[in-house]
Amino acid sequence: MKLSQLVDNFNELEMEDLEIKNIRYNSNDVEPGDLFVAIKGYVTDGHKYVKNAYESGAVVAIVEDYVEVDIPQIQVENSRIALADMSHKYFGEPSTKLNMVGITATNGKTTTSFMLDTIYRLDGYRTGIIGTVYTKYADVMVPSILTTPESYDLQRYLYDMVGNNIEKVTMEVSSSAQELYRNKNIDFDIVTFNNFSREHIDQHGSFENYYKFKSRLIREAQEKTACVLNMDFEEIERLAKETKGKVVAYSLENSNYDFTIKDLDLSTGFGKYRFEILKEVNFNGVKIAPDSFEVELSASGFSSVMNSVAAIIVALLEGIDKEIIIKALKLFTGVERRCEMIYDGDFKVLDDHFANVRNIDVTLDTLKQMSYKDLHVLYAIRGSRGVELNRETSERMVEWFEDLHLTKVFATLSKDVVGKKDIVLDEELEVFKEIMSAHNMEYEIIDTLADAMKSVLGEINEGDVLLLAGCQGMDKGAGFLYDELLAVGKPNLDILKDKVENRIC
């Protein structure tokens, strides 16, 4: 492809119209004939590697600041925007040839995406999914480093999906992706904003910035795009007046919008409810008439209820029959470590990543609505994430623990499983102890996850519930649980064994 086909203002530049073999943003990937984009990242500055790219055969560099390297350079205001724009052109604007759904939320993007993908596949569609767990389509499966891939990689995946005749693509859209323009130029047919709470404050600088970037998916939606909004959140509700897209509104709390639910039952941990279509909704030739139907989930937790509502609405907007939707949601058993029921024998075990305050609220509200004898909690303290995050999550946890009549919490530093970037710092441990003590909550700190699992299992009786809670430090918890239950000859371990053997995290 000619350079003039990639750069909008090429005619204003006094340079040769070079033939470009490929676009690269990592100098280690550069081959002769490539264009190199120098990106200023959080860890390093791509401008440091322009020379490396040149020596590897790059014929032109896109820069924000000129560097002293004998290579043609095009200066841009923002190299991330340039990368997104050029990648879009280089791969032939692939998202315009696909049916694209973009899902954003503080919590639940992954589960909503997987639910929707399950519905699509049951209805016979060839699907692609891009998100926190992996990018997957046809016979391709790439474990994810970023929730939303870098713009070049994203466009490359979409181009390949077109070539593989993919019909429906479900994509998680993170706040980072929106701030860093990774999802720029994606032609969405439907976008959703499912929930919103405090998160990623350190990354974005402030709560206000987090909201600004998080809401960009809705605020910048095209007129042809349906915007599915959860009106139970004030910050999401106000976006209804700030978007050109067609607003499709729902609430789990009242009947003032297009969709709601009634008669929710979470007593077993698995949600049952009646989904209600309150008003006629028309979108892209699909007419959704007022109706109601029963939904029974095989994915546990209140979070799965919330996520399923968004998935149902998107599926209805796509014209998918309600019987397919009902069947697919019954078949879907959940995403790993998202309020996942991993053992259901003489007692139950829920596994949740407990990432933030909103996540904690939803998971523990599920437990409040479940029927069981006693609750036990094994919490992996989140390491190297800062005192304030740990203070905030500890305070919210202990408030819920008091409401749930929990008298003791087991906590682990997970020294046997975490890497250097997830080690619990002394000050993070101290703030956890401080909050627990201030609320007269008994706690036991155990260095390793293996020993912690043995300790908490020694307290559990028939009819109880155990919550395995925590992010990186609890990722291997299910494996230790399986080993301990197998050692004492517990029955009904097939599902747990399957989950452990097929874990991605």
### Query
Does Lys168 count as lying over the ring of Tyr125, i.e. NZ or CZ under 6.0 Å from the six-ring centre, within 45 degrees of the axis?
yes
### Task
Would you mind telling me which of Arg80, Arg156, Gln155 makes a side chain to side chain donor-acceptor pair (under 3.5 Å) with Glu150?
Arg80
### Task
Can you measure from NE2 (His376) to CG (Leu466) and round to the nearest 0.5 angstrom?
7.5 Å
### Query
With the threshold set at 4.0 Å, does a side-chain nitrogen-carboxylate oxygen contact exist between Asp265 and Lys272?
no
#### Entry: Counterpart residues, ring pair (Phe, Tyr, Trp, His ring centres under 6.0 Å), relative to Phe270 (two or more places apart)
none
#### Entry: Residues Arg396, Asp361: salt bridge by 4.0 Å N-O rule
yes
### Query
Salt-bridged, Asp346 to Lys490, with N to O below 4.0 Å?
yes
### Message
With a sphere of 6.0 Å drawn around CD1 of Ile495, does it hold more than 12 non-hydrogen atoms of other residues, nucleotides or ligands?
### Response
no
### Pair Arg503 + Asp351, salt bridge at N-O below 4.0 Å
yes
#### Entry: Pair Phe213 and Tyr181, ring centroids less than 6.0 Å apart
no
#### Entry: Non-neighbouring partners of Phe401 that pass ring pair (Phe, Tyr, Trp, His ring centres under 6.0 Å), sequence neighbours left out
none
### Message
Between Glu235 and Lys214, does any side-chain N to carboxylate O distance fall below 4.0 Å?
### Response
no
### Message
Tell me whether Ser300 contacts the main-chain N or O of Met341 through its side chain, where contact means a donor paired with an acceptor under 3.5 Å.
### Response
yes
### Query
Rounded to the nearest 0.5 Å, how far apart are OH of Tyr210 and OG of Ser197?
6.0 Å
### Task
Look only at the side chain of Ser298 and the backbone of Lys330, and say whether a donor-acceptor pair between them is shorter than 3.5 Å.
yes
### Task
Measure from the ring center of Tyr250 to the ring center of Phe233 and say whether it is less than 6.0 Å.
no
### Query
So, for Tyr211 and Phe196, is the gap between ring centers shorter than 6.0 Å?
yes
